[in-house]
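Below is one structure, written out as structure tokens; the observations come after it.
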Protein chains: 2
Amino acid sequence: MTDEQPDVPSPRVRQIVAAARELVEEEGLDALSMRHLADRLGIRAPSIYKHLPDKRALEHALISATFEEQAALFEAALAGSADPLGALATAYRDFARRHPHLYRLMTQRSLDRDRLNPGIEERAAQPMVQALDGDRDLARAVWAFAHGMTILELDNRFPADADLDAAWQRGLDALRP
Amino acid sequence: MTDEQPDVPSPRVRQIVAAARELVEEEGLDALSMRHLADRLGIRAPSIYKHLPDKRALEHALISATFEEQAALFEAALAGSADPLGALATAYRDFARRHPHLYRLMTQRSLDRDRLNPGIEERAAQPMVQALDGDRDLARAVWAFAHGMTILELDNRFPADADLDAAWQRGLDALRP
DNA sequence: ATCATTGGCTTACACCGTTAGCCAACCTCA
DNA sequence: TGAGGTTGGCTAACGGTGTAAGCCAATGAT
């Protein structure tokens, strides 16, 4: 019967998460250390623990915020598009290219759902299901394809001369219902 | 005009890489530290540096060996199958399930191609191209799909009640030429 | 017999996440 | 007004990480 984490973070927590986001976007995931983050805030690393229980909590707060942002983008892409799936795929890829470190943070580990804003994963996934007329199996396949293309591109796993636009197109055309 | 890394590792290096593999398979990626590895070898961590220049080199040696193993499996799956793409997908997924930590090691960062066995990436990718009659764009799309399904499954990103067999099937059927 | 190479070793450095415990400033309430 | 509790800083420290420097015994070649 103990309380859960409060769903509304304090202003200070929001400041800390915002600083963490800047740090990650500017210097990459490896630069996200408690000491480095504390430097940006003008405090010492242990003080962060007055606001967040550990580093994973910080990461999950940042991931939650990024999911919110992604969800809004996806919903906007979907709204009134003649080609919902294509619009969604473009929005997905663009977000990852604009925020490669955040994208990695969101996707490269498994995450504790209890520490995320409740329902946010589902909200971010919903537009894809909708674009595929409620076919969840197909939506999962398309999500896997999009994530695979995205992370392999970010990680430079494709040959240098690969035509990724073409690969995206081939995949989407095949998966389109 | 300096020499490259010798392509044939010394016996001691092969011992070290073999110990690293056991460590990773038994205890997971996070357990792969130079000190932990040294323990298994009955030596001290700095001694490893007499054989390998740094940890990334160790990881790349392990990744190279794993690529070799994967390539052999894929070639075998392809040989004389009535459904080459299906056989390949099954081999791909099975390998990752049997060796989740190795699969993560291979895929979760970008890699220095200079430190890999030359040509091994291409050899591991070749069966997929062949199964798709030389269509490289489509092969890349299928690879992205397979990797996406695999890593999202390993990281528990799908809802607990998701029917992943069905999602695989839907994706493969759509992408089959 | 000498000398170089190999492959161990210890020590040490700078970084990491995190805990313990101290204390000043502030808020609340009698 | 004064007392007491809460908040949010701080320092010091622990055990972990990758890795560099330098010492030395055993081995092998000239």
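We find that NZ of Lys55(B) is positioned 12 Å from C1' of dG16(D), with the value rounded to whole Å. Per the geometry, CG belonging to Leu29(B) stands 14 Å off P belonging to dT17(D), to the nearest Å. For the pair Glu27(A) CD and dC16(C) P, the computed distance is 11 Å after rounding to whole Å. What separates OH of Tyr49(B) from C1' of dA21(D) is a distance of 14 Å, to the nearest Å. Spacing between atom CE of Met34(A) and atom P of dT18(C) amounts to 6 Å, rounded to whole angstrom units. Protein atom CG of Leu52(A) is 12 Å distant from nucleotide atom P of dG8(D), rounded to whole Å. Note: CG (Leu58(B)) to P (dT17(D)) measures 14 Å, nearest angstrom. Taking atom CZ on Arg35(B) and atom C1' on dT10(C), their separation rounds to 12 Å, with Å as the unit.
No continuous path of hydrophobic side-chain contacts links Val129(A) to Val142(A) [ILVMFWY only; heavy atoms under 4.5 Å].
More than 12 non-hydrogen atoms from other residues, nucleotides or ligands lie less than 6.0 angstrom from CZ of Arg56(B).
None of Arg40(B), His101(B), Glu22(B) except one satisfies the side-chain contact (heavy atoms from CB on, under 4.5 Å) rule with Glu27(B); the exception is Arg40(B).
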Below 3.5 Å between N/O atoms, which protein atoms pair up with nucleotides 5-9 of chain C? Just atom names and distances, please.
{"from": "dG8(C)", "atom 1": "OP1", "to": "Arg12(B)", "atom 2": "NE", "distance (Å)": "3.0"}
{"from": "dG8(C)", "atom 1": "OP1", "to": "Arg12(B)", "atom 2": "NH2", "distance (Å)": "3.3"}
{"from": "dG8(C)", "atom 1": "OP2", "to": "His51(B)", "atom 2": "NE2", "distance (Å)": "2.9"}
{"from": "dG8(C)", "atom 1": "O6", "to": "Lys50(B)", "atom 2": "NZ", "distance (Å)": "2.9"}
{"from": "dC9(C)", "atom 1": "OP2", "to": "Arg44(B)", "atom 2": "N", "distance (Å)": "2.6"}
{"from": "dC9(C)", "atom 1": "OP2", "to": "Ser47(B)", "atom 2": "OG", "distance (Å)": "3.0"}

Passes side-chain contact (heavy atoms from CB on, under 4.5 Å), Glu59(A) versus Leu62(A)? Steps please.
CA-CA 5 Å; Glu59(A) 291 173 342; Leu62(A) 187 46; 5.6 Å; no
Taking it one step at a time, do Gln15(A) and Arg12(A) satisfy side-chain hydrogen bond (donor to acceptor under 3.5 Å, both in side chains)?
CA-CA 5 Å; Gln15(A) 280 179 28; Arg12(A) 190 55 168 148; 2.6 Å; yes
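Contact check of residues 13-26 of chain B against DNA chain C (heavy atom, cut-off under 4.0 Å) returns no residues at all.
With respect to the salt-bridge test (charged N to carboxylate O, under 4.0 angstrom), the residues Asp155(B) and Arg104(B) qualify. Arg170(A) has no carboxylate O lying under 4.0 Å from a charged side-chain N of Asp173(A), or vice versa, which leaves the two without a salt bridge.
Using a 30° and 60° split on the angle between ring planes, Phe145(A) and Trp168(A) fall in the perpendicular class, above 60°. Ring geometry, Tyr92(A) versus Tyr103(A): the interplanar angle exceeds 60°, so the pair is classed perpendicular (tilted spans 30 to 60°).
Residue contacts shown for Leu32(A) are limited to sugar-phosphate atoms, with no base heavy atom under 4.0 Å away.
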